[in-house]
2 protein chains.
Amino acid sequence: MTTSDRLATGWETVDDEQCRRATSIMELVGRRWSGGILLAVGRGATRFSEIVATVQGLSDRMLAVRLKELEHGGLIDRTVEPTVPVTVRYRLSPRGRDLLASLQPLQEYGRRWEPQA
Amino acid sequence: MTTSDRLATGWETVDDEQCRRATSIMELVGRRWSGGILLAVGRGATRFSEIVATVQGLSDRMLAVRLKELEHGGLIDRTVEPTVPVTVRYRLSPRGRDLLASLQPLQEYGRRWEPQA
DNA sequence: CTGGATCCCTATCGATACTG
DNA sequence: CAGTATCGATAGGGATCCAG
């Protein structure tokens, strides 16, 4: 937005950088399963199969898809240990840990209010 | 999850009530435009047309859809003033204000980290 | 075990036109 | 002003099968 916009309308357009970042984060973790996956990894599940087992109803395919998104977004680190067979581990990145911490108040919000409808 | 699940696996399944509430909230506000609309109303835009003007790229149709969802979720209150023509106003409910406050750390998170990729 | 590839159905969303 | 109706394109996501 421009200053003249605000002067004209009395409120700012909602497209400032900070807001765009927050909304894009929400649109990422708001996707189906993303929240649960982040939570699961945050709680200590590191293996692919562990995560599938931890998040109720999550399929192999969607986990693969979401992990790629989350990894691409810098929220999760993927490491491959050269065992036989290889051991793949997923962990929260510093960024991912920070995000989870930033989501804590939202969890408290969830505790405060009954789901409506 | 059950206690035996946890004892068997070493980590909990992610389906506790608190988590479900938080993820459903994220899936609601993570929908396209929802975040911006909430922000806009939080910043003082109350009229339908004001909100459209405030959120860049938002169409009439999507605003109508999202407002219905947010109203249904108890986040926004819709009031009709019996003027001619009628004046419809949207405001954050107490719940909506609490949600926005709970989302504040996420905005700060957005300030801390550059968008990746 | 960790995924990739494919099929296919549905939900979502943008554009446009129309109404009380 | 504040929406609704309809259409078409596309993205999301479940099921299943396959592979390193």
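Numbers restart at 1 for each chain; the letters A, B, ... are given by sequence-line order, proteins then strands. All figures in this text were calculated on a predicted structure; none of them were measured in a lab.
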Next on the checklist: Does anything in residues 25-33 of chain A come within less than 4.0 Å of DNA chain D? Heavy atoms only, and list the residues if so.
Outcome noted: A:Arg31, A:Arg32, A:Trp33
Rounded to whole Å, how long is the line connecting atom [atom1] of [X] with atom [atom2] of [N]?
| X | N | atom1 | atom2 | answer |
| --- | --- | --- | --- | --- |
| B:Met62 | D:dA5 | CE | P | 16 Å |
| B:Leu67 | D:dG3 | CG | C1' | 10 Å |
| B:Leu70 | D:dG3 | CG | P | 13 Å |
| B:Gln56 | C:dG14 | CD | P | 14 Å |

Under 3.5 Å, which donor-acceptor pairs do the side chains of residues 84-92 of chain B form with other protein atoms, sequence neighbours left out?
{"from": "B:Thr87", "atom 1": "OG1", "to": "B:Thr83", "atom 2": "OG1", "distance (Å)": "2.8"}
{"from": "B:Arg89", "atom 1": "NE", "to": "B:Glu81", "atom 2": "OE2", "distance (Å)": "3.0"}
{"from": "B:Arg89", "atom 1": "NH1", "to": "B:Thr46", "atom 2": "OG1", "distance (Å)": "2.7"}
{"from": "B:Tyr90", "atom 1": "OH", "to": "B:Arg78", "atom 2": "NE", "distance (Å)": "3.3"}

Item to check | Carboxylate-amine/guanidinium proximity below 4.0 Å for A:Arg31 and B:Glu27 | outcome: no
Checklist entry - Do B:Glu17 and A:Arg111 sit within salt-bridge range, that is, some charged N less than 4.0 Å from a carboxylate O? => result no
Next on the checklist: With a 4.5 Å cut-off on side-chain heavy atoms, are A:Asp77 and A:Glu71 touching?
Outcome noted: no
Checklist entry - Does B:Thr23 reach the main-chain N or O of A:Gly35 with its side chain, forming a donor-acceptor pair under 3.5 Å? => result no
Item to check | Full working for side-chain contact (heavy atoms from CB on, under 4.5 Å) between A:Leu67 and A:Phe48 | outcome: CA-CA 9 Å; A:Leu67 279 176; A:Phe48 189 94; 3.9 Å; yes
Item to check | Phosphate-side-chain proximity, A:Arg47 and C:dC1, N/O vs OP1/OP2 below 4.0 Å | outcome: no
Checklist entry - Could you give the distance from CD (B:Glu69) to CD1 (B:Ile37), rounded to the nearest 0.5 Å? => result 8.5 Å
Checklist entry - Between atom CG of B:Leu106 and atom CE of B:Met26, what is the distance when rounded to the nearest 0.5 Å? => result 9.5 Å
Checklist entry - Which nucleotide in the list D:dG3, C:dT12, C:dT2 gets nearest to the side chain of A:Val88? => result C:dT2
Checklist entry - What nucleotide among C:dG4, D:dA2, C:dT2 has an atom nearest to a side-chain atom of A:Lys68? => result C:dG4
Please list, for nucleotides 15-20 of chain C, all pairs of protein and nucleotide N/O atoms separated by less than 3.5 Å.
{"from": "C:dA15", "atom 1": "N6", "to": "B:Arg61", "atom 2": "NE", "distance (Å)": "3.3"}

Item to check | Pairwise 5' ranking along DNA chain C for A:Phe48 and B:Glu69, keeping only the more 5' one | outcome: A:Phe48
Next on the checklist: Give me the atom names and distance for the closest heavy-atom approach of A:Thr54 to A:Glu50.
Outcome noted: OG1-O, 2.6 Å
Checklist entry - B:Arg78 near the nucleic acid: base, sugar-phosphate alone, or nothing, with a heavy-atom cut-off under 4.0 Å? => result sugar-phosphate
